[in-house]
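On a predicted model such as this, the values are computed, not experimentally measured, just so you know.
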Amino acid sequence: TGGHTTEILRLLSCLSESYSPRHYVLADSDKMSEAKIRSFEQKRAETFPESQFSLDRIPRSREVRQSWISSVATTLYSIVYSLPLTYKRKPDLILCNGPGTCVPVCLSAFLLGLLRIKRTIIVYVESICRVETLSLSGKILYYFSDYFIVQWPDLKKKYPKSVYLGRIV
């Protein structure tokens, strides 16, 4: 718990103030990430006083060790729950890095693009710990993301659509 949050905050620390406001989406059962995000944003506000962010929660699409069959239903529920949130926020860009929570958000944004409501650029960064294979989220979002970034050269060889930038977190 918290590894994906640490990685995404490292990525966000390199972004300029033009990436504002930032809207974080967390699983409703995730307690640790909110504290990390608030701490990050408090430090960021020292440099960028006009910095804005929000936190939103959605139902977790898949719990650890949840069966594949039942996770289909919970993921569909999370997608349906994410649609009004994605419609309300209408993000220009989604930057995500692997937790299951990113799948429903990205798929709902992709659907809004198909419906010509709002085109969102989806950037997926596979976790640094994924050296030889993609995570389940990566396997799904490989087909829906605009940019799919891997941090190991072997993954670039296996997944030609991906972009290898070296270790970025």
Side-chain angles (χ1 to χ4, degrees), residues 1-45 48 50-64 66-127 134-149 169:
T1 299
H4 289 294
T5 303
T6 299
E7 285 186 5
I8 202 73
L9 293 177
R10 284 185 189 156
L11 288 171
L12 290 174
S13 68
C14 299
L15 296 180
S16 72
E17 181 54 23
S18 61
Y19 290 92
S20 182
R22 286 165 306 287
H23 304 287
Y24 297 90
V25 180
L26 311 169
D28 54 5
S29 60
D30 184 348
K31 306 301 180 219
M32 185 182 297
S33 295
E34 181 174 350
K36 286 184 175 192
I37 292 165
R38 289 191 184 282
S39 175
F40 169 80
E41 288 292 340
Q42 186 175 15
K43 287 177 189 163
R44 187 174 175 88
F48 303 110
E50 302 298 316
S51 188
Q52 296 177 15
F53 77 99
S54 66
L55 292 165
D56 293 298
R57 294 189 174 274
I58 64 169
R60 189 176 290 274
S61 59
R62 184 172 185 268
E63 296 288 347
V64 176
Q66 181 179 349
S67 75
W68 294 106
I69 298 298
S70 66
S71 67
V72 170
T74 55
T75 299
L76 288 173
Y77 175 69
S78 293
I79 292 169
V80 169
Y81 194 94
S82 297
L83 276 167
L85 173 63
T86 309
Y87 180 79
K88 174 184 167 187
R89 297 290 186 202
K90 290 187 177 71
D92 295 318
L93 171 78
I94 294 177
L95 176 63
C96 56
N97 68 328
T101 304
C102 71
V103 173
V105 173
C106 289
L107 293 180
S108 63
F110 184 79
L111 180 60
L112 291 179
L114 288 178
L115 296 173
R116 299 190 186 275
I117 295 171
K118 171 64 177 170
R119 168 78 169 96
T120 300
I121 296 170
I122 299 172
V123 178
Y124 181 85
V125 180
E126 185 61 274
S127 176
L134 298 180
S135 62
L136 178 58
S137 298
K139 289 175 183 174
I140 294 167
L141 295 177
Y142 181 75
Y143 301 99
F144 297 96
S145 61
D146 296 286
Y147 300 96
F148 191 92
I149 300 169
V169 295

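- Contact check for Cys106 versus Phe144: no side-chain heavy atoms found under the 4.5 Å cut-off.
- Under the side chain to side chain contact (heavy atoms under 4.5 Å, CB included) test applied with His4, the options Leu9, Asn97, Asp30 reduce to a single match, Asn97.
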Apply side chain to side chain contact (heavy atoms under 4.5 Å, CB included) to Cys96 and Leu141, showing your working. CA-CA 10 Å; Cys96 56; Leu141 295 177; 4.3 Å; yes
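- Between the side chain of Ser39 and the backbone N or O of Lys36 there is no donor-acceptor pair closer than 3.5 Å.
- Within a 6.0 Å radius of OH in Tyr77, no more than 12 heavy atoms belonging to other residues, nucleotides or ligands are found.
- A donor-acceptor pair is defined here as one N or O able to donate and one able to accept, closer than 3.5 Å; no such pair exists between the side chain of Ser20 and the backbone of Ser51.
- A side chain to side chain contact (heavy atoms under 4.5 Å, CB included) with Leu26 is found for exactly one of Met32, Arg57, Arg60, Lys31, namely Arg57.
- Rounding to the nearest 0.5 angstrom, the gap separating the CD1 atom in Ile140 from the CG atom in Leu107 is 7.0 Å.
- Salt-bridge annotation for Asp56 and Lys88: absent, with no side-chain N of the basic residue lying under 4.0 Å from a carboxylate O of the acidic one.
- To the nearest 0.5 Å, atom CG of residue Leu12 and atom OH of residue Tyr24 are 5.0 Å apart.
- Between Ser82 and Ser108, the side chains place no donor N or O within less than 3.5 Å of an acceptor N or O (distance only, hydrogens not considered).
- Here the straight-line distance linking atom OH of Tyr124 with atom OH of Tyr143 works out to 13.0 Å at 0.5 Å rounding.
- Counted within 6.0 Å of CD1 on Ile69, heavy atoms from surrounding residues, nucleotides or ligands total 12 or fewer; the atom is thus considered open.
- In this structure the side chain of Tyr81 never reaches within 4.5 angstrom of the side chain of Pro104, judged on heavy atoms.
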Stepwise side chain to side chain contact (heavy atoms under 4.5 Å, CB included) check, Arg38 with Phe53: CA-CA 9 Å; Arg38 289 191 184 282; Phe53 77 99; 4.0 Å; yes
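- A distance of 8.0 Å separates CG of Leu11 from CD1 of Ile149, quoted to the nearest 0.5 Å.
- At a threshold of 4.5 Å between non-hydrogen side-chain atoms, the residues Arg119 and Asp146 count as touching.
- To the nearest 0.5 Å, atoms NZ (Lys90) and CG (Leu112) are separated by 8.0 Å.
- No more than 12 heavy atoms of other residues, nucleotides or ligands sit less than 6.0 Å from atom OH of Tyr19.
- Remark: side-chain polar atoms of Thr120 are not paired, donor with acceptor, to backbone N or O of Asp92 under 3.5 angstrom.
- When every heavy atom of Gly138 is checked against every heavy atom of Glu126, the shortest pair comes out as CA-OE2, 3.7 Å.
- Atoms CZ and OG1, on Arg10 and Thr5 in that order, are 11.5 Å from each other to the nearest 0.5 Å.
- In summary, the side chains of Ser135 and Ser137 do not present any donor paired with an acceptor at a separation below 3.5 Å, with no hydrogens or angles considered.
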Take Phe148 and Leu134 through the side chain to side chain contact (heavy atoms under 4.5 Å, CB included) test and state the conclusion after the steps. CA-CA 11 Å; Phe148 191 92; Leu134 298 180; 3.8 Å; yes
